[in-house]
Amino acid sequence: MKLKKLLAAVAAGLMMSSLAACGSTSGSSGSSETTSADTSADTAADTAAADTSAAEETAAAEGEDNSDKILKVGVKDAVIGFGYKDPLSGEYSGLEIELAKKIADSLGYKDVEFTTVTAATRTELLDSGDLDCVLATFTITDERKKSWDFSTAYYTDAVTVLVETADGITNIDGLVGKKIGVSTGSTSAYALVKAMSEKGLLGDYTIPESSADFDISSFSEGGTSFEQFGDYPAISNAMTAGTVDAFCVDKSILATYKSDDRQYIEDTFSPQEYGVATKKDSPLSAPIDELIQTWLSDGTIDGLITEYGLN
């Protein structure tokens, strides 16, 4: 009898241990399910936060809120009528200056900041992010459009050559055998060589297909050659000093350096369309182009062209 009671007690103990173990396992499972739910909630919250951050970044990139930003614009400082900086006041004026101000205002920027650029530096500063856009008599070409975005042209000019009247050069023929000053990084030399070649003034010289393939530093045909300068005033000074015989660039730019003792040659060539340049695929490219098209349609740009004597 005692043995039966002892065995019954042992069996009861084992059953209680088994039930306790099952309870413990069930508790662990419950705890595990709660942790999984918490993790899912945390993940969802993190994803939502990431989506919000991405949306905010996209909105900022698209210029939806520029109220605390300054639009950084590259401009010329020695081209009267387009971009000119008064040496006394330090104020900029010209067609491109006004367009830059209007772009900044229309896109909601707090202010606009101008940086003087040359043909050689404007793309470097644009690529580095130091500038948001460039309005600096920047000619639109198919070659350049591979590297930067351009707006619809807001002004069309043409290349020509300025000479000293006393030298007696009146047309493109008179440039054979002369040294011509041009700006570093411009396409003016290529435009002139192409025009001279098409007129048969350079013998059997074969013009490269694009300005990118033209090696200005090694060019010398029939004694005609080029010298490159960092800015336009330097070319003008070199012509005064007699170290170059002519100054070649867009006619509107040459107007700044024309005087009673200087004249344009009769020929103009290679139409030059100026556009606003931005980095390739910049979120500013499309809105700026839309603004330029609007101002071309409503007469705003024509008004500025007249105001600054660029007709």
Side-chain angles (χ1 to χ4, degrees), residues 76-83 117-123 136-141 143-144 155-203 205 207-208 210-259 261-274 310:
K76 294 289 183 67
D77 70 346
V79 185
I80 294 175
F82 286 90
V117 298
T118 65
T121 64
R122 57 194 174 191
T123 53
T137 60
F138 202 174
T139 303
I140 305 167
T141 67
E143 193 66 29
R144 286 172 174 169
Y155 188 86
T156 301
D157 200 4
V159 175
T160 191
V161 180
L162 187 67
V163 295
E164 298 288 350
T165 304
D167 291 342
I169 301 172
T170 60
N171 54 38
I172 198 172
D173 302 57
L175 297 174
V176 176
K178 304 298 184 181
K179 179 180 284 188
I180 302 150
V182 295
S183 177
T184 303
S186 75
T187 58
S188 302
Y190 176 75
L192 177 56
V193 168
K194 185 176 181 180
M196 294 178 74
S197 179
E198 290 172 349
K199 201 169 181 181
L201 299 175
L202 299 177
Y205 175 74
I207 186 77
S210 72
S211 58
D213 301 318
F214 177 62
D215 185 2
I216 186 174
S217 60
S218 64
F219 176 84
S220 181
E221 295 292 329
T224 306
S225 62
F226 294 94
E227 184 170 347
Q228 300 181 80
F229 296 84
D231 55 43
Y232 303 128
I235 308 175
S236 180
N237 292 336
M239 192 163 73
T240 299
T243 55
V244 297
D245 303 299
F247 182 172
C248 178
V249 73
D250 305 355
K251 189 172 184 177
S252 56
I253 296 173
L254 287 176
T256 302
Y257 305 97
K258 189 179 181 299
S259 66
D261 299 322
R262 293 175 172 180
Q263 64 183 24
Y264 305 120
I265 64 170
E266 299 168 356
D267 306 87
T268 60
F269 38 89
S270 186
Q272 306 289 296
E273 293 188 322
Y274 300 156
L310 301 173

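If you read the sequence from its start, that first residue is 1, and numbering goes on from there. Atom set for the values below is all heavy atoms of this structure, side chains included, hydrogens, waters and symmetry mates excluded. Here the structure is a predicted model, which is why all the values come from computation and not from measurement.
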Could you go through the side chain to side chain contact (heavy atoms under 4.5 Å, CB included) check for Val193 and Leu202 one step at a time? CA-CA 8 Å; Val193 168; Leu202 299 177; 3.9 Å; yes

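- In this structure, the side chains of Phe229 and Val244 come closer than 4.5 Å at one or more pairs of heavy atoms.
- The two residues Ser188 and Val249 come nearest to each other via the heavy atoms OG-CA, 3.5 Å.
- Judged by distance alone, with hydrogens and angles left aside, the side-chain atoms of Thr224 form a donor-acceptor pair with the main-chain N or O of Gly177 at under 3.5 Å.
- Going from atom CD1 of Ile253 over to atom OG of Ser186 covers 8.5 Å, rounded to the nearest 0.5 Å.
- Ser211 approaches Thr187 most closely through the heavy-atom pair OG-CG2, 3.9 Å.
- Every residue two or more places apart in sequence or in another chain that forms a side-chain hydrogen bond (donor to acceptor under 3.5 Å, both in side chains) with Thr121 is listed here: Thr118.
- Across Gln228 and Ile216, no two heavy atoms sit closer than the pair NE2-CG2, 3.2 Å.
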Is there a side chain to side chain contact (heavy atoms under 4.5 Å, CB included) between Tyr257 and Met239 once you walk through the steps? CA-CA 11 Å; Tyr257 305 97; Met239 192 163 73; over 6 Å; no

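- Considering OG1 of Thr170 and CD1 of Ile265, their distance stands at 8.5 Å, rounded to 0.5 Å.
- Note that CD of Glu227 and CD1 of Ile235 are 9.5 Å apart. Values are rounded to the nearest 0.5 Å.
- Residues Ala78 and Thr256 approach most closely at O-CG2, 3.8 Å, considering heavy atoms.
- A search for side-chain hydrogen bond (donor to acceptor under 3.5 Å, both in side chains) contacts involving Asp261 returns nothing, not counting sequence neighbours.
- Between the side chains of Gln272 and Ser270, at least one donor-acceptor pair of N or O atoms lies under 3.5 Å.
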Phe82 vs Leu310, test: side chain to side chain contact (heavy atoms under 4.5 Å, CB included). Steps then yes/no. CA-CA 9 Å; Phe82 286 90; Leu310 301 173; 3.5 Å; yes

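- Side-chain N/O atoms of Ser210 and Asp213 include a donor and acceptor closer than 3.5 Å.
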Before giving the answer on side chain to side chain contact (heavy atoms under 4.5 Å, CB included), spell out for Thr240 and Arg262 the whole-Å C-alpha distance, their side-chain angles and the decisive distance to 0.1 Å. CA-CA 10 Å; Thr240 299; Arg262 293 175 172 180; 2.7 Å; yes

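- Of all non-hydrogen atoms in Ser197 and Ile207, the two that sit nearest each other are OG-CB, 4.3 Å.
- Between the side chain of Glu266 and the backbone N or O of Ile172 there is no donor-acceptor pair closer than 3.5 Å.
- Not counting sequence neighbours, Lys251 has no partner by the salt bridge (Lys or Arg N to Asp or Glu O under 4.0 Å) test.
- Between Arg144 and Phe138 there is a side-chain heavy-atom pair separated by less than 4.5 Å.
- Nearest heavy-atom pair, Ile180 versus Cys248, reported as atom, atom and distance to 0.1 Å: CG2-CB, 3.7 Å.
- Thr160 places a side-chain N or O within 3.5 Å of a backbone atom of Asp267 that can act as its donor or acceptor partner.
- Cation-pi geometry between Lys194 and Phe269 is not met at under 6.0 angstrom from the ring centre and within 45 degrees of the axis.
- Checking side-chain atoms of Tyr190 against main-chain N and O of Pro208 turns up a donor-acceptor pair under 3.5 Å.
- The backbone N or O of Asp173 lies less than 3.5 Å from a partner atom in the side chain of Asn171, making a donor-acceptor pair.
- Within the model, atoms OG of Ser220 and CZ of Phe226 stand 10.0 Å from one another, a figure rounded to the nearest 0.5 Å.
- Contact of the Thr139 side chain with the Asp250 side chain is registered, since non-hydrogen atoms from C-beta on lie closer than 4.5 Å.
- Rounding to the nearest 0.5 angstrom, the gap separating the NZ atom in Lys76 from the OG atom in Ser183 is 6.5 Å.
- Put simply, the residue from Val79, Asp157, Ile80 that forms a side chain to side chain contact (heavy atoms under 4.5 Å, CB included) with Ser252 is Asp157.
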